[in-house]
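What follows is a single structure, written as structure tokens, with notes after it.
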Amino acid sequence: MEIKQYQIIIVNLDPTIGSEIRKTRPCIVISPNEMNKHLRTITIAPITSKSKDYMTRVKFELEGNANWIAIDQIRTIDLTRIIRIIGELDTKEIKKVKSIIKETFVD
């Protein structure tokens with residue numbers, strides 16, 4: 001399975017500890033394609049359907065419902081946690097994700 005940046009994938013995030021987002025859920029691939037091609041891990045941001053408009057969350061529509069990409073919950077996972085690929089972000093959503101990542105971790 002070829003994993004690409006900004007794809008939406010279903011991932012089993014369990015087991016988790018404390019306040020980490022848990023269970024099997026959609027996530028966005030954050031790591032760049034070159035890393036995804038050569039490593040046995042990828043960096044993801046979980047998606048949640050229950051959130052408030054936090055500055056570290058990107059609101060978007062998935063399968064007709066409001067969801068949030070949790071940039072504040074970015075983490076690296078092993079490829080064996082991936083269940084399947086279900087889609088990808090559009091250009092507008094990618095731009096917003098990049099902006100929030102930069103604002104949160106770079107600026």
Looking at every heavy atom in both Phe60 and Ile47, which two are closest together, and how far apart are they?
CZ-CD1, 3.6 Å

Lys92 and Lys95: CA distance, side-chain angles, deciding distance, side-chain contact (heavy atoms from CB on, under 4.5 Å) verdict
CA-CA 5 Å; Lys92 180 181 170 189; Lys95 186 175 179 179; 5.8 Å; no

When rounded to the nearest 0.5 Å, the distance separating NZ of Lys37 from CD of Glu2 is 7.5 Å

Check whether more than 12 heavy atoms from other residues, nucleotides or ligands sit under 6.0 Å from atom CD of Gln5, and answer yes or no.
yes

Which heavy atom of Arg25 sits nearest a heavy atom of Lys23, and at what distance?
NH2-CE, 3.3 Å

Check: Lys102 and Lys98 side chains under 4.5 Å, non-hydrogen atoms:
no

Examine Val58 and Tyr54 and state if one hydrophobic cluster contains both, with Ile, Leu, Val, Met, Phe, Trp and Tyr joined whenever side-chain heavy atoms are less than 4.5 Å apart.
no

For Pro46 and Ile74, which heavy atoms make the closest approach, and how far apart are they?
CD-N, 4.5 Å

Hey, is the main chain of Thr24 close enough, under 3.5 Å, to the side chain of Asp14 for a donor-acceptor pair?
no

Return the NZ to CG distance between Lys4 and Asn36, rounded to the nearest 0.5 Å.
10.5 Å

Separation of Ile94 CD1 from Ser99 OG (nearest 0.5 Å)
13.5 Å

Take Ile82 and Ile42 through the test side-chain contact (heavy atoms from CB on, under 4.5 Å) and record every step on the way to the result.
CA-CA 10 Å; Ile82 299 170; Ile42 61 167; 3.7 Å; yes

Evaluation steps, side-chain contact (heavy atoms from CB on, under 4.5 Å), between Ile30 and Ile44
CA-CA 5 Å; Ile30 300 296; Ile44 55 98; 5.6 Å; no

Pairs touching residues 65-83 that satisfy side-chain hydrogen bond (donor to acceptor under 3.5 Å, both in side chains), sequence neighbours left out:
Thr43-Thr76, Asp53-Trp68, Thr56-Asp72, Arg57-Asp72, Asp78-Thr80

Contact summary for Leu13 and Ile21, nearest pair of heavy atoms:
CD1-O, 3.7 Å

To the nearest 0.5 angstrom, please state how far the CD1 atom of Ile69 sits from the CG atom of Leu62.
9.0 Å

Search all heavy atoms of Leu79 against all heavy atoms of Leu39 and return the closest pair with its distance.
CD1-O, 3.7 Å

Single-linkage hydrophobic cluster, 4.5 Å side-chain cutoff, Ile83 and Ile8 together
yes

Indicate, with yes or no, if Tyr6 and Met1 share a hydrophobic cluster defined by side-chain heavy-atom contacts under 4.5 Å among Ile, Leu, Val, Met, Phe, Trp and Tyr.
no

Derivation of the side-chain contact (heavy atoms from CB on, under 4.5 Å) call for Glu103 and Met55:
CA-CA 9 Å; Glu103 189 176 309; Met55 65 174 263; 3.9 Å; yes

Does Ile86 belong to the same Ile/Leu/Val/Met/Phe/Trp/Tyr cluster as Ile28, with side-chain heavy atoms less than 4.5 Å apart forming each link?
yes

Side-chain heavy-atom pair Ile9, Val29 within 4.5 angstrom cut-off:
yes

Test item: Arg22 side-chain N/O and Gly18 main-chain N/O as donor-acceptor pair under 3.5 Å
yes

Ignoring hydrogens and angles, tell me if any N or O in the side chain of Thr104 forms a donor-acceptor pair with the backbone of Ile100 under 3.5 Å.
yes

Ile3 and Ile10: same hydrophobic cluster, using ILVMFWY side-chain contacts below 4.5 Å?
no

